[in-house]
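First comes the structure, then the notes that go with it.
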Amino acid sequence: MILIFFGPPGGGKGTQARRLQARRGMLQISTGDILREDIAAGTPLGREAQGYVERGELVPDEVMVGLVAERLRRPDAAAGVVFDGFPRTLPQAEALEEMLARADRRVDHVVDFQVSEETIIRRLSGRRVCQAAGHIYHVEFRPPRRPGFCDIDGSPLFQREDDRPETIRRRLEVYRVQTAPVLDFYRARGLYTALDAEGKGEEVAARLDAALGV
Ligand code: AP5
């Protein structure tokens, strides 16, 4: 199965994609996580992407398409894949369709995580992420057992650079103007599924599983 998780920053895409990866053996391809790893490691990709990510702008399409094409060729992408944060523009959606077609694959569902702006702000301002593997927490909604440290690997938790209020506003604007219109591409192909992503994580997970029939 190939899924695309669509939705605004803080919609809960990463949280639910990681759950599907852990429970159902699907591979999460989070372009945001890949970029953050490269930025932390100071690779050429990381140096190119850093300014865009910190300003809340989109990294250029050709960079993102190349990155995803490379990731999709690896053997662990042969089973199920959850795309989290890709595609974000029409050229990215078209490029993904072509790459999948070349491998005789196609997207099964595009899930649109729908949340209010108030929820987005509360989720993003309290988000903490682990340094070692990007495990996701929230100071109020999903606190770690030991404050400041990851339950799974014990590494320190940090606040993402782009989770500051002014950058959150810019990311929301970019989402509305550049990314949300891509949903029409998938509506036209009959792949669109709306998901009420408000409420507790387990409630959202139950709705998601029901929508996917898994
Ligand atoms: P990316 O990392 O993809 O960020 P995003 O799309 O803005 O999404 P987020 O990671 O902020 O939110 P999420 O929906 O995954 O929420 P999460 O599960 O963490 O992209 C970052 C940047 O990289 C972009 O701005 C851009 O610069 C660049 N980039 C990436 N992909 C690109 C592309 N394709 N093209 C160009 N540029 C690209 O949850 C948020 C918080 O809420 C957490 O604390 C979590 O614990 C909590 N939470 C989750 N669900 C619930 C719930 N149901 N109830 C209560 N709390 C919850």
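Just so you know, ligand 1 is whichever comes first in the structure, and atom 1 is the first atom listed for that ligand.
Under a 3.5 Å cut-off, the side chain of Q50 and the backbone N or O of L35 do not form any donor-acceptor pair. The closest donor-acceptor contact from the side chain of R142 to the backbone of I136 lies under 3.5 Å.
Between R171 and D163 there is a salt bridge, since at least one side-chain N of the basic residue sits less than 4.0 Å from a carboxylate O of the acidic one.
When side chains are defined from C-beta on, P87 counts as touching I4, because their heavy atoms get closer than 4.5 Å.
In R189, the CZ atom is crowded: over 12 heavy atoms of neighbouring residues, nucleotides or ligands sit closer than 6.0 Å.
Under the side chain to side chain contact (heavy atoms under 4.5 Å, CB included) criterion, L27 pairs with Q21, I29, R71, D76, A77, not counting sequence neighbours.
Annotation: ligand 1 has protein neighbours P8, P9, G10, G11, G12, K13, G14, T15, T31, G32, L35, R36, Y52, V53, E57, L58, V59, M64, G85, F86, R88, Q92, R123, L124, R127, I136, Y137, H138, F141, R160, D162, R171, G199, K200, G201, V204, each with a heavy atom less than 4.0 angstrom from the ligand.
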